[in-house]
Amino acid sequence: MTIRVIIVDDQAMVRAGFAALLTAQSDIDVVGEAPDGRRGVEVSRTVHPDVVLMDVRMPEMDGLAAARELLTPPPGVVHRPKVLMLTTFDVDDYVYEALRAGASGFLLKDAPPADLISAVRVVAAGDALLAPSVTRRLIADFARQRPGAAPAGGPALRLNGLTPREREVLELIARGLSNQEIAARLVLAEQTVKTHIGRVLAKLGLRDRAQAVIFAYESGLVAPGDA
């Protein structure tokens with residue numbers, strides 16, 4: 001199955017470079033592009049991509065506002081793509097807010113080409129791009145800077161709805177372990193780990209792995225810096 005992608009970035013050369021790289025892959029099809037967030041939302045709702053590569057800072061509408069519009073659409077709009085934020089270190093604080101809004105992760109704009117291709121595939125598959133150690137450190141920093149910025153419903157209390165095993169799996173997710181690594185750590189089948197993760201997300205009302213990491217920090221299950 002071909003992964004449909006749109007690229008939203010205010011730099012034409014960046015859009016062209018990413019498009020050339022991605023369209024060279026047999027399983028990826030770039031179906032649109034846009035120079036700002038507002039146009040990106042319009043294009044997304046027209047062509048229905050699987051993944052939106054979204055720059056952070058753009059004119060008209062920035063990437064965070066556009067991500068929120070795509071991930072929390074108005075009544076009547078059913079399409080909800082995966083959003084992968086494109087950023088640089090100086091705007092990581094902004095990307096944290098995008099993760100809380102439901103983005104599936106972020107990628108540094110100067111990452112190697114292979115990382116971009118892999119990121120699109122990972123996000124399209126329904127996972128979150130949170131494996132790199134730099135991501136774990138940054139999310140921990142953000143959680144430490146915002147001790148009172150917790151999701152509605154009392155995150156610490158919501159942990160009580162998880163079984164001990166589910167809490168253990170959530171903790172390992174927050175530490176950046178992959179499903180395979182969690183399976184090895186807990187001596188479980190990888191499919192069993194996937195089942196536990198699905199139950200964790202359902203019980204906590206979280207969209208994906210990215211929000212699970214945020215929740216784990218904000219609930220106090222994982223202390224900032226532990227990762």
Side-chain angles (χ1 to χ4, degrees), residues 3-25 28-74 76-124 127-130 132 134-135 138-139 141-142 145-146 149 207-211 213-214:
I3 303 169
R4 295 165 56 83
V5 177
I6 69 170
I7 302 166
V8 185
D9 193 294
D10 61 341
Q11 298 182 48
M13 290 185 65
V14 170
R15 297 197 306 273
F18 284 179
L21 177 65
L22 294 174
T23 53
Q25 311 307 309
I28 300 175
D29 187 14
V30 177
V31 295
E33 61 178 63
D36 61 71
R38 190 176 306 283
R39 180 62 182 147
V41 171
E42 294 172 356
V43 172
S44 178
R45 289 180 178 160
T46 299
V47 303
H48 294 175
D50 300 303
V51 177
V52 176
L53 292 179
M54 181 78 72
D55 189 19
V56 171
R57 289 181 175 173
M58 294 179 290
E60 297 297 326
M61 177 185 283
D62 60 43
L64 177 56
R68 283 176 173 156
E69 287 218 10
L70 291 174
L71 297 168
T72 310
V77 176
V78 296
H79 179 254
R80 187 179 298 181
K82 303 293 184 181
V83 176
L84 178 62
M85 305 301 294
L86 299 170
T87 185
T88 53
F89 277 115
D90 64 331
V91 288
D92 284 327
D93 179 68
Y94 197 57
V95 173
Y96 172 79
E97 298 301 332
L99 290 175
R100 292 192 67 191
S104 294
F106 67 90
L107 184 72
L108 298 179
K109 294 179 77 171
D110 61 355
D115 286 2
L116 173 64
I117 297 167
S118 174
V120 168
R121 291 171 176 155
V122 166
V123 169
D127 209 340
L129 195 68
L130 294 171
V134 61
T135 307
L138 291 170
I139 291 178
D141 288 342
F142 299 144
Q145 293 164 13
R146 296 165 178 75
R207 285 192 185 96
D208 58 21
R209 204 182 188 98
Q211 288 201 328
V213 172
I214 299 297

For [X], give me all partners under side-chain contact (heavy atoms from CB on, under 4.5 Å), at least two apart in sequence or on another chain.
X: A111; value: L107, D115
X: I117; value: L21, L22, Q25, I28, R121
X: H79; value: S44, H48, P49, P81

Could you grab the distance from atom [atom1] of [X] to atom [atom2] of [Y], nearest 0.5 Å is fine?
X: I6; Y: D50; atom1: CD1; atom2: CG; result: 11.0 Å
X: R38; Y: E69; atom1: CZ; atom2: CD; result: 7.0 Å
X: D55; Y: D36; atom1: CG; atom2: CG; result: 11.0 Å

Notebook entry, point to check: Can you name the residues that form a salt bridge (charged side-chain N to carboxylate O under 4.0 Å, His left out) with R80, not counting sequence neighbours?
Noted result: none
Checklist line | Results of salt bridge (charged side-chain N to carboxylate O under 4.0 Å, His left out) for E42 - residues two or more places apart only | finding: R39
On a heavy-atom basis, which atom in [X] and which in [Y] lie closest, and how many Å separate them?
X: I7; Y: A19; result: CD1-N, 3.5 Å
X: P59; Y: P35; result: CD-O, 4.2 Å
X: A34; Y: V43; result: CB-CG2, 4.3 Å
X: M85; Y: A103; result: CG-CB, 4.0 Å

Next item on the list: Please name the residue in the list L53, T87, L86, L116 that meets the side chain to side chain contact (heavy atoms under 4.5 Å, CB included) test with K109.
Entry: L86
Notebook entry, point to check: So do V41 and L70 actually touch side chain to side chain, heavy atoms under 4.5 Å?
Noted result: yes
Next item on the list: Among residues two or more places apart or on two chains, list those pairs meeting side chain to side chain donor-acceptor pair (under 3.5 Å) that have a residue in residues 10-21.
Entry: R15-E33
